[in-house]
Amino acid sequence: MTPIHALLIPSEDAHQSEYVSERDKRRQFLSGFTGSAGLALITTREALLWTDGRYFLQAINQLSDRWRLMRMGEDPPVEVWIADNLADEAIIGIDSWCISVDSAQRYEQAFLKKNQTLFQLSSDLVDAVWKHRPPNDATPVIVHPIEFARRSVAQKMKELREKLQHEKASGIIITALDEVAWLYNVRGNDVHYSPVVHSYAIVTLHGAFFYVDKRKVTTEVKNYMAEIGIDIREYDMVQLDVSLLASGQLKGSAVNGSLLMEKDINVAEHSKIWIDSNSCCLALYSKLRPDQALMLQSPIALPKAVKNPMELNGLRKAHIRDGTAVVQYLAWLDNQMQENYGASGYFSEANGSQKKDNLEIKLTEVSVSDKLEAFRAEKEHFKGLSFPTISSVGPNAAIIHYSPDANTCAELDADKIYLCDSGAQYLDGTTDITRTVHFGKPSEHQKSCYTAVLKGHIALDAAVFPNGTTGHALDILARTPLWKSGLDYRHGTGHGIGSYLNVHEGPHLISFRPSARNVPLQASMTVTDEPGYYEDGNFGIRLENVLIVKEADTKFNFGEKGYLSFEHITWAPYQTKLINTALLTPAEIEWVNVYHSDCQKILESYLNVQEKEWLRKATEPITASS
């Protein structure tokens, strides 16, 4: 066995997923840090953990004093730290299934400085010491009905093969779980909150393969795959089959129409194998010759992100049901806070609160989020939450991706801000919404911060921009009102959202990060609008809607580029008592009033009498302060 000088433990699984199954949470097991993003490094002398700005406070709270927190964007990246701090010719071990080609090549380039080596381990060392690692459950694969998928596998495969031909590639290795699910119109339950199944796909000019634990394959799925010409193979066979693909020996059932296509193909010219180096793991890439790999963005990413008209209609309907649940929840919570905690409530700013003695049931961050889930669960097509609800009171709201624990979470407090970031999975769409409220008397500082966040939220929503514009260019719109007061936030402003798939979906995003420059926004994409402000130890504010990118009707069309704008599809009121209207322009006041008017019209028919009255009051027009 080769001795190693350090061990890298990424957060990702073999598919480079953001959210992973319980048995793949190796970094969490080792460090105790539960955030979804991070990277651990164990050397012979110390343990370090890198994470991004969403998790700085959480990591401080969760890491023991044996760990050193490294702040991404502030401290040196892990590969730079290794090159600067470890010895010449040091060997750094990695599980090659859990690192992308991009990351591996970036590390290897940095390690040249001291002739250090990134060493592919024969097995994962964390698994060797994880005595009670969760089992690999065989949850069934589910065929996603065409009434929700809207596009057949045959249509998708035809377009994919045309792209393979255009790039002179003989095949593609698809490793991202949501891409496999989207391409084959299947879903699963292998990862909490994401309806995906642990699987790979290989598609060639003459065949298609689905690699999955066959215990998960029902008779329905077996017949479905046979009908569309897809070979089902064991999950663990993918590495062998990649080797066969590389040598031109991978054979399978022909797909309808593929034999006709092959007549026109010069096989010698189609020698490349397409991988997305951001999602393909080093273990599979290592089975290809370096000159054989065509490393481009996955050809599935963009078609998945650009929703078809029926998917957009499904998302609109899902967000109406979801908005109904959020309004029901806010109305219920308002009543509970007044009755049990003596709060002035959602609408009043009266001073003072008097909690009842001997409360039978305390309102905690977890218990109230469970109630929100119960409201959602009553809605048509509900399948579960899209991520763990961020239900946070006071100082906890300043932890950007706070995750409350039932044993330690805070109790609701009428004198503190409450931030709730939540979402759901419905068969016809995925949702993600954040609202921030106060059931007592907010301070003027809190109001001004909330208003600055709202102004940025409105600015992005109202943007009109030419085709070809990236999310990197738009990010500043949401930050400018905060910057004017010397404030900011440490996370991106928006991410794509799936159609009953991952709540965070690329390849586009709205962010200050360089990767946001890579993909321009296009009509029929979805993206969130979620600026915020977080004051450590005090409070946090975030407002979030889901937007659809649409063609803008502009008076002119300079450069014949065509222009784009946004349509918001999230419906829930903003708390007007947190708004300092003196800080809003007339146009911003009109935006709030129009949004609230639409919100009431769209949701009221789904509410009972008390909820309707609450929503009517919550959406009353605001006017400029004198």
Query raised in the report: Do the side chain of Tyr55 and the main chain of Trp50 share a donor and acceptor less than 3.5 angstrom apart?
Result: no
Query - Residues Asn545 and His568: side-chain donor-acceptor under 3.5 angstrom - result: no
Query raised in the report: Checking Arg27 side chain against Phe33 main chain: does a donor-acceptor pair fall under 3.5 Å?
Result: yes
Query raised in the report: In terms of side-chain heavy atoms, does Ser21 have a donor or acceptor partner in Asp190 at a distance below 3.5 Å?
Result: no
Query raised in the report: Which distance, rounded to the nearest 0.5 Å, do you find between the CD1 of Ile232 and the NZ of Lys222?
Result: 7.5 Å
Please list, one pair per line, the donor and acceptor atoms closer than 3.5 Å that link side chains of residues 506-513 to other protein atoms, with sequence neighbours excluded.
residue: His508; atom: NE2; partner: Thr526; partner atom: O; Å: 2.7
residue: Ser511; atom: OG; partner: Arg513; partner atom: N; Å: 3.0

Query raised in the report: Where the side chain of Thr117 meets the backbone of Ile91, is there a donor-acceptor pair that is under 3.5 Å apart?
Result: no
Requested in this report: For Thr51 and Ala37, indicate whether the former's side chain and the latter's backbone hold a donor-acceptor pair under 3.5 Å.
Outcome: yes
Query - Flag for Arg376-Ser422: side-chain donor and acceptor within less than 3.5 Å - result: yes
Query - Pairwise side-chain contact, Asp95 with Leu8, heavy-atom cut-off 4.5 Å (strictly under) - result: no
Query raised in the report: For residues Asn189 and Thr139, is any side-chain donor paired with an opposing acceptor at under 3.5 Å?
Result: no
Name the atoms and distances for all side-chain donor-acceptor pairs under 3.5 Å in residues 289-302, with sequence neighbours left out.
residue: Arg289; atom: NE; partner: Asp291; partner atom: OD1; Å: 3.3
residue: Gln292; atom: OE1; partner: Arg289; partner atom: N; Å: 3.2
residue: Gln292; atom: NE2; partner: Ala246; partner atom: O; Å: 2.6
residue: Ser298; atom: OG; partner: Glu179; partner atom: OE1; Å: 2.8
residue: Ser298; atom: OG; partner: Glu179; partner atom: OE2; Å: 3.4
residue: Ser298; atom: OG; partner: Ile300; partner atom: N; Å: 3.1

Query - Arg54 side chain vs Ile400 backbone, donor-acceptor pair below 3.5 Å - result: no
Query raised in the report: Is a side-chain donor or acceptor of Thr528 paired with a backbone partner of His495 at a separation under 3.5 angstrom?
Result: yes
**Report entry** Pair Phe148-Tyr426, ring-ring contact (aromatic ring centres under 6.0 Å, His included): steps then yes or no
**Finding:** CA-CA 10 Å; Phe148 298 114; Tyr426 302 91; over 10 Å; no
Query raised in the report: Taking the six-membered ring for Trp, are Tyr184 and Phe210 parallel (under 30°), tilted (30 to 60°) or perpendicular (over 60°)?
Result: perpendicular
Query raised in the report: Of Lys216, Glu220, Met225, which is the lone residue that meets side-chain contact (heavy atoms from CB on, under 4.5 Å) with Val141?
Result: Lys216
**Report entry** Under 3.5 Å: donor-acceptor pair, side chain of Asn308, backbone of Glu311
**Finding:** yes
Requested in this report: Could you tell me whether Asp127 and Arg26 have a side-chain N and a carboxylate O separated by less than 4.0 Å?
Outcome: yes
Report task. May I ask you to decide if Gly207's main-chain N or O and Thr204's side chain share a donor-acceptor pair within less than 3.5 Å? Result -> yes
Report task. Say whether Gln249 and Ser247, considering side chains only, have a donor N or O and an acceptor N or O under 3.5 Å apart. Result -> yes
Query raised in the report: Within the distance-only criterion (no hydrogens, no angle test), does the side chain of Thr430 pair as donor or acceptor with the backbone N or O of Leu501 below 3.5 angstrom?
Result: yes
Report summary line: The single option from Lys307, Arg150, Arg321, Lys383 that satisfies salt bridge (Lys or Arg N to Asp or Glu O under 4.0 Å) with Asp428 is Arg321
Requested in this report: State yes or no: are the ring centers of Tyr19 and Tyr193 separated by less than 6.0 Å?
Outcome: no
Query raised in the report: Quick one: do Lys158 and Glu162 make a salt bridge, cutoff under 4.0 Å?
Result: yes
**Report entry** Donor-acceptor under 3.5 Å (Arg133 side chain, Arg23 main chain)
**Finding:** yes
